[in-house]
**Student:** 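Before I ask anything, here is the structure I am working with.
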Amino acid sequence: MVHRRWNALAVVVASFLLTVVTAPPAGTTTGFFEYTEPGPVHTIRDFTANGCHTYLRASGRVWNNTSAPAELYAADNCSGIPLRKLNTGQHAQATFGSVYFRGRPQPGYFRYREAGNKKSLRNPRSNTCITLQSDGFVYNATNKTVEIWTGEEACQGTADHFLRKQEHADALSFESVQFIR
């Protein structure tokens with residue numbers, strides 16, 4: 001009887017250890033992402049990069065069968081504002097240049113005014129230049145410092161203004177921003 005208990009305990013411990021050892025780390029993207037170029041279907045299964053898959057030149061059916069939301073960008077390097085977001089299990093018809101998987105979302109948002117309307121960037125990526133025009137109130141509710149450029153040259157040279165975490169400005173016009181740690 002004692003041996004059966006030890007054997008049962010050994011099986012439980014072994015199955016627990018096997019689960020812990022084989023499970024991917026928290027925040028790791030798993031699954032696959034399918035997209036079409038003019039031609040055959042392509043599949044992304046390797047998510048070890050920084051989250052951005054570049055130079056896809058995709059046009060057609062897209063299916064996000066991963067564990068993370070997928071952001072589709074027109075640019076080839078996941079820069080700018082996403083064209084659309086596909087949550088886990090969603091599919092669509094789309095034309096895009098790159099896709100970013102948000103396995104580990106960064107908290108916060110950046111609020112600004114454009115042509116009198118309130119707009120927000122949710123969880124903006126670090127070290128990516130974002131071209132947008134603002135003409136008023138700005139609030140940085142991210143965990144990063146935002147560099148702000150007022151000129152037409154997007155994110156070139158030294159930033160004209162900086163907003164640290166939880167800072168705001170009442171009347172600020174600008175052309176581009178970049179979030180830094």
Side-chain angles (χ1 to χ4, degrees), residues 24-31 33 35 44 46-58 62 64 66-90 92 94-181:
T28 300
T29 302
T30 59
F33 179 84
Y35 66 96
I44 298 173
D46 179 14
F47 302 99
T48 57
N50 68 354
C52 182
H53 293 265
T54 59
Y55 300 99
L56 301 179
R57 291 176 179 63
V62 180
N64 182 16
T66 69
S67 60
E71 295 175 348
L72 308 179
Y73 290 87
D76 288 335
N77 60 356
C78 298
S79 64
I81 297 173
L83 296 171
R84 73 181 309 157
K85 177 180 172 183
L86 291 176
N87 289 318
T88 299
Q90 284 187 318
T95 299
F96 59 99
S98 57
V99 60
Y100 185 84
F101 297 96
R102 292 226 175 257
R104 294 182 181 167
Q106 299 166 342
Y109 61 91
F110 178 72
R111 181 159 292 150
Y112 62 101
R113 293 184 69 84
E114 181 180 67
N117 297 317
K118 286 184 187 176
K119 298 215 173 189
S120 293
L121 290 176
R122 298 233 176 253
N123 303 322
R125 288 185 50 219
S126 295
N127 302 318
T128 300
C129 182
I130 301 170
T131 302
L132 52 88
Q133 295 179 340
S134 179
D135 56 8
F137 180 80
V138 178
Y139 179 62
N140 180 19
T142 69
N143 61 353
K144 306 168 194 148
T145 297
V146 62
E147 298 176 309
I148 300 172
W149 283 268
T150 57
E152 292 183 19
E153 293 294 322
C155 304
Q156 297 296 314
T158 303
D160 299 306
H161 303 282
F162 294 89
L163 283 179
R164 289 179 175 57
K165 303 172 194 176
Q166 308 304 317
E167 287 186 340
H168 73 277
D170 289 323
L172 187 61
S173 296
F174 58 87
E175 300 287 326
S176 59
V177 297
Q178 181 170 309
F179 296 85
I180 57 175
R181 290 246 170 227

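Positions are given from 1, in the same order as the sequence printed here.
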**Student:** Between OG1 of Thr54 and OH of Tyr73, what distance do you get to the nearest 0.5 Å?
**Tutor:** 13.5 Å

**Student:** Can you name the side chain to side chain contact (heavy atoms under 4.5 Å, CB included) partners of Gln90, sequence neighbours left out?
**Tutor:** Leu86, Asn87

**Student:** Which value, rounded to the nearest 0.5 Å, describes the distance between Tyr100 atom OH and Ser79 atom OG?
**Tutor:**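 So the OH of Tyr100 and the OG of Ser79 are separated by 13.0 Å.
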
**Student:** Listed by chain and number, what are the side chain to side chain contact (heavy atoms under 4.5 Å, CB included) partners of Thr66, not counting sequence neighbours?
**Tutor:**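 Residues passing side chain to side chain contact (heavy atoms under 4.5 Å, CB included) with Thr66: Thr29, Phe33, Phe47, Asn64, Ala68, Phe101.
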
**Student:** When rounded to the nearest 0.5 angstrom, what is the spacing between SG in Cys129 and CD in Gln156?
**Tutor:** 7.5 Å

**Student:** Looking only at heavy atoms, which two atoms of Asp135 and Ser173 are closest? And how far apart?
**Tutor:** CA-OG, 3.8 Å

**Student:** Once you round to the nearest 0.5 Å, how far does CD1 of Ile148 lie from CG of Leu172?
**Tutor:** 5.0 Å

**Student:** Assess the residue pair Arg57 and Asp76 against the criterion (side chain to side chain contact (heavy atoms under 4.5 Å, CB included)); give the C-alpha distance rounded to whole Å, side-chain angles, the decisive distance to 0.1 Å, and a yes or no.
**Tutor:** CA-CA 8 Å; Arg57 291 176 179 63; Asp76 288 335; 3.7 Å; yes

**Student:** Hey, what do you get for OH (Tyr139) to CZ (Phe137), rounding to the nearest 0.5 Å?
**Tutor:**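 Nearest 0.5 Å value for the OH-CZ distance: 8.0 Å.
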
**Student:** Just wondering, do Val138 and Phe174 contact through their side chains at under 4.5 Å, heavy atoms?
**Tutor:** yes

**Student:** Can you give the donor-acceptor pairs under 3.5 Å from side chains of residues 157-165 to other protein atoms, not counting sequence neighbours?
**Tutor:**
| unit_1 | atom_1 | unit_2 | atom_2 | d |
| --- | --- | --- | --- | --- |
| Asp160 | OD2 | Thr150 | N | 2.7 |
| Asp160 | OD2 | Thr150 | OG1 | 2.8 |

**Student:** What heavy-atom pair brings Ile130 and Pro124 nearest, and what distance separates the two atoms?
**Tutor:** CD1-CB, 4.5 Å

**Student:** Just jot down the side chain to side chain contact (heavy atoms under 4.5 Å, CB included) partners of Ile180, sequence neighbours excluded, or say none.
**Tutor:** Asn127, Thr145, Glu147, Gln178

**Student:** Quick check: closest heavy atoms across Ala75 and Ser98, and the distance to 0.1 Å?
**Tutor:** O-OG, 2.6 Å

**Student:** Quick check: do Phe96 and Val62 have side-chain heavy atoms less than 4.5 Å from each other?
**Tutor:** yes

**Student:** When rounded to the nearest 0.5 angstrom, what is the spacing between OH in Tyr112 and CG in Asn117?
**Tutor:** 10.5 Å

**Student:** Report the residues that fulfil side chain to side chain contact (heavy atoms under 4.5 Å, CB included) with Glu175, sequence neighbours left out, ordered by chain and then residue number.
**Tutor:**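 Counting only residues at least two positions away or on another chain, Glu175 forms a side chain to side chain contact (heavy atoms under 4.5 Å, CB included) with Gln133.
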
**Student:** For the residue pair Cys78 and Arg125, what are the closest heavy atoms and their distance?
**Tutor:** O-NH1, 2.9 Å

**Student:** Are side-chain heavy atoms of Asp170 and His168 found at a separation under 4.5 Å?
**Tutor:**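 Yes, close enough: below the 4.5 Å cut-off.
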
**Student:** Can you list the residues that meet the salt bridge (charged side-chain N to carboxylate O under 4.0 Å, His left out) rule with Lys119, with sequence neighbours excluded?
**Tutor:**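 By the salt bridge (charged side-chain N to carboxylate O under 4.0 Å, His left out) rule, Lys119 matches Glu114.
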
